[in-house]
Every structure is written in C-alpha cells, then in structure tokens.
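Start at 1 with the first residue, then count along the sequence. Predicted model, so just to flag it, every value in this text is computed and none were measured. As a basis for the values below, the full set of heavy atoms in this structure was taken, side chains included, without hydrogen atoms, waters or symmetry mates.
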Amino acid sequence: MRDPLTALTDAFTSFLFGKVETTRLPVRTSTGQAQAVYLPTAAPGLGDSGVIIGREVYSGKGYIYDPFQLYGQQLPAPHWLVLGESGNGKSALEKTYVLRQLRFRDRQVVVLDAQGEDGVGEWNLIAEELGITPIRLDPTAALDHGIRLNPLDPAITTTGQLALLRTIVEVAMGHGLDERSGFALKVAHAYVNETIVERQPVLTDIVEQLRHPEPESAEAMNVAIDDVRAWGLDVALVLDRLVDGDLRGMFDGPTTVGIDLDAPLIVFDLSHIDRNSIAMPILMAIVGVWLEHTWIRPDRKKRIFLVEEAWHIINSPFVAQLFQRLLKFGRRLGLSFVAVVHHLSDVVDGAAAKEAAAILKMASTRTIYAQKADEARATGGVLGLPRWAVEIIPTLTPGIAVWDVNGNVQVVKHLVTETERPLVFTDRAMTESSADLATDDALRAAELEAEQRAAAFVEHHIADLDGSSESTVA
C-alpha cells in the first residue's frame with residue numbers, strides 16, 4: 001500500500017497544479033533510420049528454406065539463399081553472378097555453397113575449375129573428400145590416354161554439333177563465318193554424319209572432308225569443286241589445331257568412356273590450360289554444349305553449373321550465344337548457372353557487350369565483394385545497385401559482400417564451419433595469399449572491423465537509403 005502521507009501530498013499537488021506525469025516526446029524519423037535503430041523494421045530475409053550462407057551484418061539475422069526455392073516467387077531466374085577482387089572470399093563462398101547444396105539428395109553440380117595450384121585444380125581437395133576424380137583436360141596428358149570430349153559425340157544432336165563446330169571456328173578466328181565458309185563446313189559435317197556409322201565421327205573426319213570435298217557438294221550449289229575446297233580451307237586450318245596442334249588429344253577422338261554423369265559433383269579441371277589463350281573459351285564452349293546434351297535431363301534433379309573465370313564465356317560473342325541458349329533451355333529443367341568474374345568491366349566493355357548484357361540480365365542474384373571505388377561505381381551503374389550499397393563496397397573486408405537478390409539488397413557475412421575450413425581455405429581460396437590468412441584470429445579481427453565499419457556507415461549515411469518515408473517512432 002502507498003504511504004498515507006505520500007498519497008495526501010500527491011492529491012494536494014494534483015489539486016493545485018493538475019496531474020503531473022513524465023511524457024516522452026515523439027521522434028520524427030524515416031523508415032530507413034528506424035530500420036537501424038529498431039531492428040524489427042529491418043528488411044525481411046529470403047525465407048528459411050535452403051542453404052545458409054551466413055548472417056546479415058546489420059540485423060544479425062541468419063541469411064539463407066536457394067535459387068530453386070526462390071524461383072518463380074522472388075526470383076525470375078535462378079542464375080547467379082559473383083563479382084569481386086581476388087582475395088576477398090569468392091572461392092570460399094562458392095565451395096561452401098556447393099558443399100551445402102550437395103547435402104540435398106536432388107542436387108548435382110558441375111564445376112569448370114580454371115584455377116589451380118601444385119599441378120591440380122582448386123577444387124581438387126573437395127573432389128577427393130567426396131571420392132570423385134576430376135576430369136582433367138590437359139593437352140600433354142591427352143596424348144597419353146588422357147580425357148577426351150568429342151564435339152561430334154552422338155549424344156549431341158546434329159544441330160548442336162554444327163553449332164558447336166561453328167563456335168569453335170569463330171572463337172579461334174575472332175569473327176563470324178561468312179556464308180561460303182559456313183556452307184563448306186555444313187556440307188562436310190553432313191557428309192561425315194551420313195557416311196560414318198560404324199564408329200563415332202571425330203574432328204579428323206571433318207578436316208579431311210574440308211580438304212577433299214565430295215563432288216556432290218559442289219553440284220548441289222552448281223559451283224566448281226575447287227571453289228568449295230577454297231571456301232573450307234580456313235575452317236580446316238582452324239579445326240586442325242584441335243587435331244594436330246597445341247590442343248590435340250582433347251577433342252580429336254571418341255569421348256572417354258567412364259565419365260560419371262550421375263555423380264553428385266563433376267569437376268572439369270582446366271588448370272593446365274593457359275587462361276589467357278584462345279584455348280580457354282573454346283574449351284568452355286565444347287564443355288558447355290557437351291553438358292547441355294549429355295548431362296541436363298528432365299529427371300527433376302536440380303543442377304548447378306559453376307564456371308570460374310566466366311569472363312571467357314561472357315566476353316566472347318559466339319560462346320556467349322551458346323550459353324544464352326543453355327541458360328534459357330536450362331530454366332525449365334532446373335539449372336542454376338553461377339558465373340564468377342573478377343571485374344564487370346572485363347565483360348561490359350568487351351567485344352560481346354550485347355551478349356554480356358543479356359546474360360547479366362538473366363542473373364537475378366548478384367553478389368559483390370570488395371572492389372575499388374571506381375570499379376564499384378561502374379558495377380553499381382550496370383547492375384542498378386542503390387547508392388548506399390555502391391558506397392560501402394570499397395570498404396568491405398574479406399568474407400563480407402553485398403547481396404542483391406532481385407532487388408532485395410543486404411550486406412552479408414559469409415560463415416565457414418570448422419569442418420569446411422580445411423577444404424575451402426587453400427592458398428588462394430580466401431585471400432590469394434597465405435600471408436593474408438596467417439591466423440584465424442587475424443581473419444576474425446578483420447571481420448569484426450568490417451562489422452564496425454558497416455554500423456558506422458549506417459549511422460552517417462542512413463538518410464541516403466532508397467525508399468525512405470516519414471514515420472513516427474515513440
């Protein structure tokens with residue numbers, strides 16, 4: 001009970017001065033500011049079904065992402081673009097993402113591993129852990145019973161074979177085939193497929209037919225046989241490189257028996273190929289089309305096709321056109337294409353700007369790690385990122401990235417378990433330098449510093465957040 005004297009005093013004070021109480025004045029603010037000071041107003045996540053990536057830096061919530069779960073509801077396409085300077089965590093993200101996806105029984109993953117160390121690809125450790133032998137495409141090993149992929153494999157349709165042959169020639173020549181060269185290639189391909197039935201046709205057969213065309217080929221177009229031979233000469237010289245040149249052994253024979261297309265993880269080790277040579281886009285074109293016709297099937301499995309050094313695809317008009325078809329075709333069969341690129345300027349300013357824009361448009365998910373300020377502004381302009389995200393990209397530290405999932409933009413800290421750590425933190429997995437990963441304590445300190453920077457950024461720049469509107473918070 002209240003003290004009688006206190007009650008009497010309160011009653012007398014109220015009689016003289018009116019009722020006295022403490023009142024907190026309302027604070028006028030924006031929803032953007034309220035999001036920072038009152039976390040329940042933070043932007044919603046992507047749901048709780050799928051693969052956990054880490055946690056949101058601002059709210060601390062777990063961040064879960066799965067293109068197959070989001071497709072059709074929050075995502076118009078399941079394809080994903082990963083950008084950022086070397087040494088900021090792209091490799092660690094890719095590897096943990098694949099390992100976590102493979103815990104689902106209906107997942108299959110193909111990786112084009114273009115980076116390597118110690119004579120093997122960067123994904124070799126993970127493949128060994130899963131009991132899988134990478135498909136190592138190596139010109140020197142191919143001469144000694146190495147792996148072969150046949151562009152004329154009967155598993156590929158005749159239309160697909162011809163498109164692939166044209167792409168190989170166009171990539172190597174650096175320009176499209178003219179009508180006459182295209183005609184010579186078409187008739188040589190048709191003749192080889194019609195006459196060779198007792199074995200798999202191979203590139204040697206095409207080269208031989210281009211050099212020595214059949215009279216029927218000339219008669220069909222009412223031209224001289226010497227003209228048909230001349231039209232096909234440049235094409236024959238280009239294909240001869242795959243038969244008897246620096247790429248011989250990998251594509252000039254029947255497809256190697258025993259490649260397990262039902263394995264949960266298939267790794268194509270391209271680390272023995274010069275990444276700056278014309279061989280790399282040719283390899284990616286052949287592997288991409290070969291997989292399109294042999295691996296992607298209407299069996300209700302969800303497939304992930306992850307490509308390291310993907311600018312070799314996006315920056316070549318002819319290879320990009322092949323992959324555009326693959327991406328469109330794959331959407332209805334459950335294919336998620338993951339392209340890993342260091343700089344967006346590598347592709348948007350190249351010869352395939354139109355094709356690059358089309359592929360980037362298909363990627364509804366974009367993950368951007370730290371970039372220099374100029375590169376971040378250019379990336380933000382192309383991808384349509386909000387201003388606050390563009391400004392924070394140069395301040396990000398390893399393991400933290402801006403995620404844009406069809407307009408839902410978050411800053412996410414990628415988390416790696418102790419079990420995954422030995423598999424994903426190879427010499428170049430997180431920082432491209434063992435010196436930058438000297439101790440786990442140093443890494444965690446960097447992560448803490450990044451979180452503090454992010455919080456400070458929100459306090460000073462929150463007014464710039466897009467879509468803010470006036471509201472009142474008591």
Side-chain angles (χ1 to χ4, degrees), residues 42-43 45-46 50-67 70 75 79-101 306 308 310 336 338-346 360 363-373 375-417 420 424-425 428-432 436-437 443-444 446-455 457-458 461:
L46 301 175
V51 171
I52 186 164
I53 301 297
R55 60 183 173 84
E56 297 171 15
V57 169
Y58 296 158
S59 69
K61 296 186 299 184
Y63 192 80
I64 296 173
Y65 170 78
D66 191 295
L70 299 173
L75 279 182
H79 309 306
W80 179 16
L81 176 69
V82 183
L83 292 165
E85 301 273 2
S86 295
N88 283 284
K90 296 192 305 295
S91 289
L93 173 66
E94 300 154 24
K95 291 172 182 175
T96 56
Y97 175 74
V98 167
L99 287 170
R100 295 168 190 178
Q101 281 282 5
L306 190 152
E308 301 265 13
S336 172
V338 184
V340 184
V341 181
H342 287 275
H343 306 290
L344 201 56
S345 58
D346 291 340
L360 292 176
S364 300
T365 301
R366 289 82 70 88
T367 300
I368 304 96
Y369 283 89
Q371 296 179 331
K372 294 181 177 63
E375 185 74 25
R377 284 192 291 272
T379 298
V382 172
L383 300 182
L385 297 175
R387 187 171 66 179
W388 69 267
V390 173
E391 291 181 1
I392 202 174
I393 287 172
T395 72
L396 299 174
T397 53
I400 298 181
V402 170
W403 282 67
D404 176 7
V405 182
N406 196 33
N408 185 322
V409 183
Q410 302 284 353
V411 180
V412 179
K413 174 183 176 182
H414 173 222
L415 298 179
V416 182
T417 68
E420 295 167 328
V424 303
F425 286 164
R428 289 191 295 229
M430 189 69 168
T431 63
E432 304 291 337
D436 293 328
L437 280 177
L443 179 61
R444 293 189 180 106
E447 292 173 344
L448 178 60
E449 179 187 353
E451 292 179 22
Q452 293 170 342
R453 284 185 188 177
F457 181 89
V458 171
H461 297 80

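- Here the shortest heavy-atom pairing between V341 and A310 reads CG2-CB, 4.1 Å.
- Note that the CD atom of E56 and the CD1 atom of I400 stand 13.0 Å from one another [nearest 0.5 Å].
- Going from atom OG1 of T367 over to atom CD1 of I53 covers 8.0 Å, rounded to the nearest 0.5 Å.
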*Report the C-alpha distance between V405 and Y63 in whole Å, list the side-chain angles of each, state the deciding distance to 0.1 Å, and finish with yes or no for side chain to side chain contact (heavy atoms under 4.5 Å, CB included).*
CA-CA 12 Å; V405 182; Y63 192 80; 3.4 Å; yes
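- Here the side chains of L70 and T365 are not in contact, with every heavy-atom distance at 4.5 Å or above.
- For the pair I52/L415, no side-chain contact is recorded, criterion being any heavy-atom separation below 4.5 Å from C-beta on.
- Of all non-hydrogen atoms in P394 and A373, the two that sit nearest each other are CG-CA, 3.7 Å.
- Taken to the nearest 0.5 Å, the CH2 atom of W403 stands 5.0 Å off from the CG atom of L93.
- Taking every heavy atom of both residues into account, V51 and R100 meet most closely at CG1-CB, 3.5 Å.
- Contact detail for H343 and L83: the closest heavy-atom pair is C-CD2, 4.3 Å.
- Between the CD atom in E308 and the NE2 atom in H342 there is a gap of 8.0 Å [rounded to 0.5 Å].
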*With side chain to side chain contact (heavy atoms under 4.5 Å, CB included) as the test, would you mind laying out the steps for E94 and V338 before giving the verdict?*
CA-CA 9 Å; E94 300 154 24; V338 184; 5.5 Å; no
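- Looking only at distances, a side-chain donor or acceptor of K90 sits under 3.5 Å from a matching main-chain atom of G84.
- Among all heavy-atom pairs drawn from N88 and T397, the shortest one is OD1-C, 4.4 Å.
- L396 and Y369 get closest at one heavy-atom pair: CD1-C, 4.3 Å.
- Between W80 and L75 there is no side-chain heavy-atom pair separated by less than 4.5 Å.
- Once rounded to the nearest 0.5 Å, the distance linking OG1 of T379 with CZ of R366 reads 10.5 Å.
- Distance OG/S336 to NE2/H79: 7.0 Å, rounded to 0.5 Å.
- In this structure E85 satisfies the salt bridge (charged side-chain N to carboxylate O under 4.0 Å, His left out) test together with K372, sequence neighbours excluded.
- Shown here are the side-chain hydrogen bond (donor to acceptor under 3.5 Å, both in side chains) partners of Q101, two or more places apart in sequence or in another chain: D66, Y97, R107.
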*Apply the test side chain to side chain contact (heavy atoms under 4.5 Å, CB included) to residues V412 and H414: give CA-CA distance (whole Å), side-chain angles for both, the deciding distance (0.1 Å), then the verdict.*
CA-CA 6 Å; V412 179; H414 173 222; 5.8 Å; no
*Could you give me the CA-CA distance, side-chain angles and deciding distance for V424 and V416, then say whether side chain to side chain contact (heavy atoms under 4.5 Å, CB included) is met?*
CA-CA 9 Å; V424 303; V416 182; 3.9 Å; yes
